[in-house]
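Here is the structure we will look at.
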Amino acid sequence: MVIDKSYVISEIDPRIYGSFIEHLGRAVYGGIYEVNHPTANENGFRQDVLDLVKELNVPIIRYPGGNMVSAYNWEDGVGPKEERPRRLELAWRVTETNELGTNEFVEWAKAANADVMMAVNLGTRGIDAARNLVEYCNHPSGTYWSDLRRKHGYKDPHKIKTWCLGNEMDGPWQIGQKTANEYGRLAAEAGKAMKLVDPEIELVSCGSSYSAMPTFPEWEATTIDHTYDVADYISLHQYYGNHENDTANYLAKTLDMEKFIKTVIATVDYVKAKRRSKKTMYLSFDEWNVWFHSNEQDKAIQPWSISPNLLEDIYTFEDALLVGSMLNTLLKHSDRVKIACMAQLVNVIAPIMTETGGGIWKQTIFYPFYYTSRFGRGLALHSIVQSEKYDSKEFTDVPYLDSSVIYNEERDELVIFAVNRHLENGMEIKSDIRSFEEFEVVEHVVLEHDDPKARNSISSEQVKPHSNGLSSVDNGYLTSTLPKLSWNMIRLAKISNN
Ligand code: AHR
């Protein structure tokens with residue numbers, strides 16, 4: 001690798017380490033909120049969950065959905081709890097008690113040191129419900145909705161800055177699915193009204209539900225043409241799975257993610273050119289993760305149950321490697337990807353798992369997210385990488401080495417995140433870091449395991465990092481050994497600073 005201080009891609013927007021809590025399964029009830037749990041505080045928030053969420057250093061959390069938002073009446077979730085209606089929640093076919101709603105979530109996010117990224121329902125509802133919610137949340141006082149918030153006990157406005165204009169409106173599974181023109185027009189008008197209520201807010205226009213949608217990227221080209229002036233970001237969603245049990249191919253799936261990002265950039269830039277616009281549309285990758293382990297077991301869930309164990313993927317070691325590479329991919333595109341939300345945060349396809357009434361534990365994927373979020377702040381750097389390559393079932397020329405490089409100016413620290421995709425061989429990498437004079441290795445953290453399918457559980461943490469990685473600097477060159485199938489973080493600084 002050749003790494004140089006002056007090869008800057010972009011300042012990394014901290015919101016690239018966002019996450020997501022949907023009213024789905026045990027994310028809310030039994031996850032972040034469990035009134036009778038021994039660690040619950042006076043608001044019913046589990047302190048053990050809050051502590052781990054804070055460890056992950058998540059700056060923004062998307063809420064309340066996801067698919068759920070497309071038939072959600074936000075009014076059901078505010079005001080006295082005993083008056084809140086129970087509803088059939090159609091997206092996941094469960095019963096929603098509405099015990100927790102907008103105000104409680106805003107409070108929870110505050111306790112987690114995170115901002116809220118609020119989604120509005122553009123499935124069954126529209127402009128009116130959306131602008132009323134902005135008024136309820138953000139207008140100081142003196143109007144019907146802002147005074148209602150005050151009456152509900154929240155004197156100060158929530159000042160929610162980032163808003164999603166619906167969710168996955170291209171998907172046939174979505175309640176109120178729309179054609180690109182229908183969605184584009186509705187989102188543009190809803191967004192216009194929302195910004196009239198509060199001009200400070202930023203808006204995310206819905207992109208495709210995933211890169212293999214038959215309407216991708218025509219959906220982006222058409223919808224963005226309608227929303228270009230009012231929206232600030234376009235959303236991307238993508239989940240991967242190792243359905244074929246082919247690890248080499250699975251670990252190469254970030255090549256698809258990269259193609260997806262590049263295609264969205266090309267499409268929105270085409271609309272920019274067509275409209276002769278000076279404005280650049282940024283990307284909000286507001287759902288990304290691994291999701292496939294729970295697909296079969298979810299089919300057995302009884303309809304209309306309350307907070308069932310939905311989407312409880314138990315992650316393997318190889319999933320953690322892919323998550324590490326997905327983070328590398330986001331960082332390498334941080335000039336355009338300004339927001340990203342790992343989906344989701346607790347119990348539902350999540351790095352943090354709880355037992356209802358019981359303990360808490362970290363999934364394998366917790367670790368790459370934890371280190372990247374903690375140390376991947378500052379400037380993302382281009383690096384020139386030469387690596388041997390392989391071909392897999394779906395991909396050609398897959399580099400064995402996948403990496404991203406960060407320079408944190410504030411801490412004067414160089415950080416390399418690197419995945420060795422090789423199933424059998426360790427790899428020695430030599431990096432030219434001569435522009436980082438007198439830098440030495442502070443730590444080389446490694447996540448490795450002999451069994452790609454190793455998992456963690458409440459009683460045994462099989463997959464956890466160690467700090468015995470082999471890295472050293474000699475005369476401006478860093479030499480590092482990456483074990484076979486491993487995720488690594490190599491952190492360097494001037495030793496005198498530490
Ligand atoms: O995160 C789970 C689901 O995945 C979300 O509800 C939806 O937006 C996506 O399809």
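In listed order, ligands and their atoms are each counted from 1.
Taking the six-membered ring for Trp and thresholds of 30 and 60 degrees, Y183 and W219 have nearly parallel ring planes, at less than 30 degrees apart.
At most 12 non-hydrogen atoms from other residues, nucleotides or ligands lie less than 6.0 angstrom from CD of E200.
Ion pair E202/R15 flagged as a salt bridge, since at least one NZ, NE, NH1 or NH2 atom sits closer than 4.0 Å to an Asp/Glu carboxylate oxygen.
Contact record, T102 with Y63: N-OH, 4.0 Å, taken as the closest heavy-atom pair.
For E218, the side chain to side chain donor-acceptor pair (under 3.5 Å) criterion is met by T222, not counting sequence neighbours.
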Using the rule given for ring-ring contact (aromatic ring centres under 6.0 Å, His included), can you reason through W108 versus F105, listing the C-alpha separation, both sets of side-chain angles and the distance that settles it, and then say yes or no? CA-CA 5 Å; W108 179 82; F105 187 76; 5.6 Å; yes

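Sorted by chain and number, the heavy-atom contacts of ligand 1 below 4.0 Å come from F20, E22, G66, N67, W92, N167, E168, Y239, E287, W291, L311, Q344, I349.
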